[in-house]
2 protein chains.
Amino acid sequence: MGSEMLDHAVQSLREHGVRMTPQRQAILEYLVTEHSHPTADDIYKALAARFPNMSVATVYNNLRVFKEVGLVQEMNYGDASSRFDFVTSKHYHIICDTCGKVVDFNYPVLDEIEAVASQLTGFKVDRHRLEVYGTCPSCQAEQSQTH
Amino acid sequence: MGSEMLDHAVQSLREHGVRMTPQRQAILEYLVTEHSHPTADDIYKALAARFPNMSVATVYNNLRVFKEVGLVQEMNYGDASSRFDFVTSKHYHIICDTCGKVVDFNYPVLDEIEAVASQLTGFKVDRHRLEVYGTCPSCQAEQSQTH
DNA sequence: TCTTACATAGTAATCTTTATAATTAGTGTA
DNA sequence: TACACTAATTATAAAGATTACTATGTAAGA
């Protein structure tokens, strides 16, 4: 299941002339198998046991490479660290203001807004970004308990 | 014109028990009169002449206060500094990938997507954020000249 | 005017990310 | 398989943005 995506990703990297290393493989695996949206530090810590000598820079370098190849999407929310999402298919994100959890949801891609924005501003539009913010079910439950 | 918005903002701050200081007033004025989307450092530099002793921390402190009162919206784009937008009315932003310019544009508020996201994920939705990215007219002109 | 709590300045510290240089290790080719 | 070339990694320093902290200053109400 996940291995199919992983194979595809590895092949995609090879086609871009990117070499495979154990660290790179591990970071990629982590992104594919974990359905979370980890920060660079999350990944670093998660792999610390297997690669005690791995540098944080390696994580960042690889995330940059994955981004360039289009395997991974970087998301930045305000002050916190960037989060990285392995791109499977088009989807939007909803983010919990309380615990920071990120959940995917599907919605038809908003092509129209890009056309409208282009017409109004004269920009040549490349892409858009849409996120919804709120409180996730478990944080809602906690909050209603407290009060 | 701008002073009406400024007065309203000052009143709103007073109602929240926030004291008015010359620095605070100046930062607020800058945000209201400049229609740009400045970074904390932009503001700091712009007011350096009038307040040679002002601390960067003061700028950040005030921006935080303004945000808490809802006068200002913070926007963070990837790696760069946060930008701050004085909230006048609902609008979306389009951002130039080349020079970083931010332009406002109007589009009907996407209420539906909040409802859909809520239904799909169980989140209690608070707000959403939508941005369009591309190349602004002047950067387009420069790029076509070069090639 | 006096008082008090909030705001500011100045600086140190933190956190995330990038840059740099030296070493290590993939990968294609002989 | 061994070699050579070049990319990748490590380790560390550095940059940049933001926050924390403390002493001092000041706005605003009694």
Side-chain angles (χ1 to χ4, degrees), chain A residues 9-30 37-69 71-84 100, chain B residues 9-30 37-69 71-84 100:
Chain A
V10 171
Q11 186 186 342
S12 180
L13 284 168
R14 283 196 197 285
E15 281 166 8
H16 281 80
V18 176
R19 294 178 182 168
M20 285 314 300
T21 67
Q23 295 90 334
R24 179 162 289 162
Q25 180 92 18
I27 295 169
L28 204 52
E29 267 180 45
Y30 183 84
H37 302 74
T39 64
D41 196 57
D42 289 339
I43 300 170
Y44 178 65
K45 283 187 182 130
L47 303 179
R50 279 169 63 194
F51 300 91
N53 292 329
M54 187 168 65
S55 168
V56 202
T58 298
V59 177
Y60 279 103
N61 286 339
N62 279 294
L63 289 172
R64 180 171 38 73
V65 170
F66 297 161
K67 243 173 67 184
E68 284 165 7
V69 177
L71 293 174
V72 156
Q73 183 191 353
E74 180 174 0
M75 308 172 282
N76 196 293
Y77 306 119
D79 316 336
S81 322
S82 285
R83 289 173 171 278
F84 297 86
Chain B
V10 171
Q11 186 186 343
S12 181
L13 285 167
R14 284 196 196 282
E15 282 166 8
H16 282 79
V18 176
R19 293 179 184 167
M20 285 312 301
T21 67
Q23 295 91 334
R24 180 162 288 161
Q25 180 91 19
I27 295 169
L28 204 50
E29 268 180 44
Y30 183 84
H37 303 74
T39 64
D41 196 56
D42 289 339
I43 300 170
Y44 177 63
K45 284 188 182 129
L47 302 180
R50 280 169 63 195
F51 300 90
N53 292 329
M54 188 168 65
S55 167
V56 201
T58 298
V59 177
Y60 279 104
N61 286 339
N62 279 295
L63 289 171
R64 179 172 39 73
V65 170
F66 297 160
K67 242 173 64 184
E68 284 164 7
V69 177
L71 292 175
V72 156
Q73 183 191 355
E74 179 174 1
M75 307 173 282
N76 194 294
Y77 306 119
D79 315 337
S81 321
S82 286
R83 290 172 171 279
F84 297 87

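For the numbers below, each heavy atom of this structure counts, side chains included, while hydrogens, waters and symmetry mates do not. Quick caveat, the model's predicted, so the values are computed rather than measured. Proteins get letters first, then strands, A, B, ... in listed order; numbering begins at 1 in each.
In this structure, the nucleotide among C:dA9, C:dT16, D:dT18 sitting nearest to the side chain of A:S81 is C:dT16. Checking D:dT10, C:dG10, C:dT8 against every side-chain atom of B:R24, the shortest atom distance belongs to C:dT8. Nearest to the side chain of B:R19, among D:dA27, D:dT19, C:dT18, sits D:dA27.
Among the protein residues, A:R64 comes within range of no part of the nucleic acid, since none of its heavy atoms lies under 4.0 Å from any strand.
Applying the 4.0 Å criterion to OP1 and OP2 of C:dA9, one finds that B:Q23 has a side-chain N or O inside that range. One finds a side-chain N or O of B:S82 lying less than 4.0 angstrom from the OP1 or OP2 phosphate oxygen of D:dT18. Residue A:Y60 has a polar side-chain atom (N or O) positioned under 4.0 Å from OP1 or OP2 of C:dT17. Residue A:N62 places at least one side-chain N or O under 4.0 Å from the OP1 or OP2 atom of D:dT9. For C:dA7, neither phosphate oxygen OP1 nor OP2 lies less than 4.0 angstrom from any side-chain nitrogen or oxygen of B:T21.
Distance A:D41 CG to C:dT17 C1': 12 Å, rounded to the nearest Å. Straight-line distance from the CZ atom of B:R14 to the P atom of D:dA28: 5 Å, rounded to whole Å.
The residue among B:A40 and A:F51 whose nearest nucleotide of DNA chain D is located toward the 5' end is A:F51.
Remark: A:L63 CG to A:Q73 CD distance equals 13.0 Å, nearest 0.5 Å.
Checked by distance alone, A:S55 brings a side-chain donor or acceptor within 3.5 Å of a matching partner on the base of D:dA11.
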